[in-house]
Amino acid sequence: MDQGSIARILKQVSGGEDEIQQLQKALLDYLDVNTEIDASLVFSRKFYIAQWFRDTTMETEKAIKSQKDEDSSEGTHHAKDVETTGQIMHRAESRKKFLRSIIKTVPSQFGAFKMNSDTVDYEDACLIVRYLASMRPFAQSFDIYLTQ
């Protein structure tokens with residue numbers, strides 16, 4: 001991964017959201033700007049929004065399940081885990097809120113969220129997709145599967 005390019009994109013994207021949300025916003029903006037060139041990008045945009053919403057929901061469910069497991073085992077790190085679970089829940093809710101706001105806008109109205117169209121080009125969009133894909137659980141566990 002080209003961390004320098006990711007850092008550059010994050011600097012150019014305005015907003016106080018977390019890193020993942022800023023990259024998602026940049027990718028959605030790129031897809032929205034280029035829907036006139038390639039109509040299949042409308043589907044891609046909807047797919048990414050749905051996939052990210054699903055991922056956020058799954059992350060929340062895992063946090064709740066781990067909290068219930070910790071409650072039943074009553075480990076010594078209970079307070080620390082609850083705080084971490086609370087942080088995960090808060091981050092998940094902010095991501096869901098962001099995605100809901102994007103879902104409510106039609107692509108042509110996404111201009112309110114737009115940055116300069118020069119910020120993200122095709123290569124940057126590919127880099128963002130690879131970076132966001134590397135954050136998914138399967139990509140993170142792929143080395144384990146490969147070693148086994």
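Note that these values count all heavy atoms, side chains included, but never hydrogens, waters or copies made by symmetry.
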Nearest-0.5 Å distance, [atom1] of residue [X] to [atom2] of residue [Y]:
X	Y	atom1	atom2	answer
Y131	Q3	OH	CD	5.5 Å
K25	L10	NZ	CG	12.0 Å
D18	Q24	CG	CD	7.5 Å
R45	T35	CZ	OG1	8.5 Å

Exercise. Should W52 and M58 be regarded as members of a common hydrophobic cluster, given that ILVMFWY residues are connected when their side-chain heavy atoms come within less than 4.5 Å of each other, either directly or indirectly?
Worked result: no
Problem set entry | Co-membership, hydrophobic cluster, residues Y48 and Y122, 4.5 Å side-chain | yes
Exercise. Heavy-atom distance under 4.5 Å between the side chains of I128 and V120, does that happen here?
Worked result: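 Side chain of I128 against side chain of V120, heavy atoms only: contact under 4.5 Å found.
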For this session: Go through the structure and list residues passing side-chain contact (heavy atoms from CB on, under 4.5 Å) with T57, not counting sequence neighbours.
Result: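 T57 satisfies side-chain contact (heavy atoms from CB on, under 4.5 Å) with F53, E61, K96 only.
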Exercise. Can you name the side-chain contact (heavy atoms from CB on, under 4.5 Å) partners of S5, sequence neighbours left out?
Worked result: D2, R8, L127
Problem set entry | M89: hydrophobic cluster co-members (side-chain, 4.5 Å) |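 M89 shares its hydrophobic cluster with I64.
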Which atom names give the shortest non-hydrogen contact between [X] and [Y], and what distance separates them?
X	Y	value
L31	S44	CD1-C, 4.2 Å
L27	V129	CD2-CG2, 3.7 Å
I9	A26	CG2-CB, 4.3 Å
A92	T60	CB-OG1, 3.1 Å

Checking [X] now: which residues fulfil side chain to side chain donor-acceptor pair (under 3.5 Å) with it, not counting sequence neighbours?
X	answer
N34	none
Q51	D55
T147	none
E59	R91

For this session: Check for a donor-acceptor pair, side chain of D38 on one end and backbone N or O of L41 on the other, with a separation under 3.5 Å.
Result: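 Absent.
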